[in-house]
Amino acid sequence: MTKPRLKIVEKPTVNDIARVAGVSLATVDRVLNERPGVRGVTIKKVHQAIEDLGYIRDTAAANLARKRVYNLLFILPDTRNEFIQNLQDQIAEQSSKLVNERTRLFTTTAAPFDPQDIVTQLDALDPGEIDGVAVFGPETPSVRDAIKRARDKGIAVVALVSDLPSSERDHFVGIDNVSAGRTAAELIGRFTRNKGKVLVITGSRLARDHLERRQGFDLVMAEQFPHLDVVASVEGRDDPDLIYRLLPEVFSAYPDLCGIYSSAAGNAGLIQFMNERRPSKDLVVVAHELTPMSRAALQNGTFDALISQDTGHLVRSAVRILRATADKVPFNATQERIRIDIYLKENIPPH
């Protein structure tokens with residue numbers, strides 16, 4: 001039996017571009033590398049040939065030839081919560097692994113929920129030193145304008161964890177926070193045994209991820225669990241001490257509290273209160289992010305479920321997207337989709 005012959009599809013080359021466009025190889029090189037000295041009509045011919053041929057540039061080889069190094073910055077909130085620490089650890093780990101890929105990662109911090117601090121840092125970026133920046137911060141008009149100024153300078157910008165206006169940033173790296181809130185509502189609604197009140201602990205009304213989670217949470221509660229009454233959010237600003245001080249008043253005001261959704265990063269204060277006051281054993285608590293502290297709370301029954309996102313995937317995805325955006329090449333959107341993980345006591349992954 002004759003074996004079928006494999007059809008080998010040759011990828012188009014720069015020689016093909018030059019031939020189709022009717023220009024020299026040197027001209028194609030100038031256009032690809034955005035060097036001056038080429039007429040506009042010629043640039044259009046080259047780009048048309050690239051589109052017609054379906055040419056995809058080997059950016060790794062091109063960057064190696066010109067000794068290109070990517071300098072990428074992460075701006076993170078200056079807090080002591082474990083989720084931020086996990087992000088910092090992953091950035092440090094990836095930084096050591098990416099040396100051979102000519103990529104350098106840097107981190108800086110901004111005061112939590114302080115838009116002006118982020119604006120100052122974005123405006124200070126030098127496009128000669130930084131190729132891309134991942135921003136984890138609040139959504140305000142001033143931050144939006146600072147992102148636009150950074151992009152106008154040629155710096156790629158992604159929103160990390162909490163989205164920013166899609167018209168300003170290049171891409172978003174994080175879970176679908178509306179879906180995360182809907183998931184939390186589904187868990188609390190199904191786990192809760194009695195009628196009563198449900199509390200949402202949020203971080204800040206400036207944080208889009210927190211607002212989106214509350215939006216998704218409220219939608220599912222109203223649609224599927226009308227017997228549960230969602231009360232006004234407690235704004236803890238990701239401050240464990242503040243949340244710990246606020247909770248006694250909440251339980252006093254709502255003695256029939258039967259569920260808590262901790263949608264932000266104040267888990268330490270909530271856990272301390274739960275361990276000391278020991279409220280009703282029927283109280284259902286759903287929180288965010290798998291960290292050493294929340295893992296222990298899930299194992300000992302303080303938390304009933306955790307909604308989480310892989311910090312390693314967040315960092316790796318941000319790096320890949322920033323490099324692709326800086327090079328103006330496509331990326332695999334499916335690979336960069338951050339999934340929503342749901343953890344119960346029975347399926348906690350090993351350390």
Side-chain angles (χ1 to χ4, degrees), residues 34 68-81 83-92 94-95 98 102-175 177 203-212 237-239 264-265 309 311 313-329 331 336 338:
E34 300 181 351
R68 165 72 182 275
V69 175
Y70 299 93
N71 293 310
L72 308 178
L73 175 68
F74 287 77
I75 301 178
L76 304 177
D78 186 9
T79 71
R80 52 192 173 91
N81 75 68
F83 178 65
I84 299 299
Q85 184 58 59
N86 283 353
L87 277 174
Q88 291 174 331
D89 291 344
Q90 287 294 331
I91 293 168
Q94 290 304 311
S95 182
L98 291 169
R102 309 184 72 82
T103 301
R104 295 186 295 208
L105 306 184
F106 306 91
T107 59
T108 186
T109 57
F113 310 116
D114 184 344
Q116 190 52 50
D117 197 355
I118 290 179
V119 169
T120 300
Q121 297 201 42
L122 286 171
D123 285 341
L125 296 181
D126 181 350
E129 297 177 353
I130 296 294
D131 299 290
V133 57
V135 182
F136 183 176
E139 177 189 352
T140 68
S142 59
V143 172
R144 177 197 64 204
D145 293 343
I147 288 173
K148 184 178 185 303
R149 290 192 292 271
R151 291 181 66 207
D152 288 345
K153 290 189 290 188
I155 298 172
V157 181
V158 299
L160 185 68
V161 180
S162 182
D163 202 0
L164 295 164
S166 58
S167 59
E168 304 305 336
R169 50 77 173 161
D170 288 296
H171 302 284
F172 169 57
V173 180
I175 59 173
N177 284 296
S204 168
R205 293 178 178 85
L206 295 178
R208 183 164 175 166
D209 55 334
H210 301 173
L211 291 174
E212 289 179 340
R237 300 189 67 79
D238 289 354
D239 182 341
Q309 52 195 317
T311 52
H313 193 182
L314 285 168
V315 173
R316 293 189 299 272
S317 182
V319 169
R320 287 191 294 260
I321 291 176
L322 284 172
R323 290 192 307 198
T325 304
D327 286 336
K328 300 178 182 178
V329 297
F331 58 86
E336 311 311 345
I338 310 298

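Throughout, residue positions are numbered sequentially from 1 according to the sequence presented.
For the residue pair Ala207 and Ser162, the shortest heavy atom distance occurs at C-OG, 4.2 Å. Nearest heavy-atom pair across Ile175 and Phe172 is O-CE2, 3.4 Å. Residue Leu122 comes nearest to Ala146 through the heavy atom pair CD1-CB, 3.8 Å, listed as atom of the first residue, atom of the second, then distance. Across all their heavy atoms, Val69 and Asp131 have their closest contact at O-OD2, 3.4 Å. The minimum heavy-atom distance linking Ser204 with His210 is given by the pair N-ND1, 3.3 Å.
For the ring-ring contact (aromatic ring centres under 6.0 Å, His included) test, residues two or more places apart in sequence or in another chain that qualify with His171 are Phe331. For Thr108, the side chain to side chain donor-acceptor pair (under 3.5 Å) partners two or more places apart in sequence, or in a different chain, are Gln121. For Arg323, the side chain to side chain donor-acceptor pair (under 3.5 Å) partners at least two apart in sequence or on another chain are Glu101, Thr103.
Looking only at distances, a side-chain donor or acceptor of Asp238 sits under 3.5 Å from a matching main-chain atom of Ala265.
A salt bridge does not link Asp145 with Arg149: none of the charged nitrogens is closer than 4.0 Å to a carboxylate oxygen.
A distance of 4.5 Å separates CZ of Arg208 from CG of Asp163, quoted to the nearest 0.5 Å. Note that the CZ atom of Phe106 and the CD1 atom of Ile130 stand 6.0 Å from one another [nearest 0.5 Å].
Asn86 and Gln90 are not linked by any side-chain donor-acceptor pair at a separation below 3.5 angstrom, with hydrogens and angles left out of the test.
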task: Before giving the answer on side chain to side chain contact (heavy atoms under 4.5 Å, CB included), spell out for Gln309 and Val173 the whole-Å C-alpha distance, their side-chain angles and the decisive distance to 0.1 Å.
output: CA-CA 11 Å; Gln309 52 195 317; Val173 180; over 6 Å; no
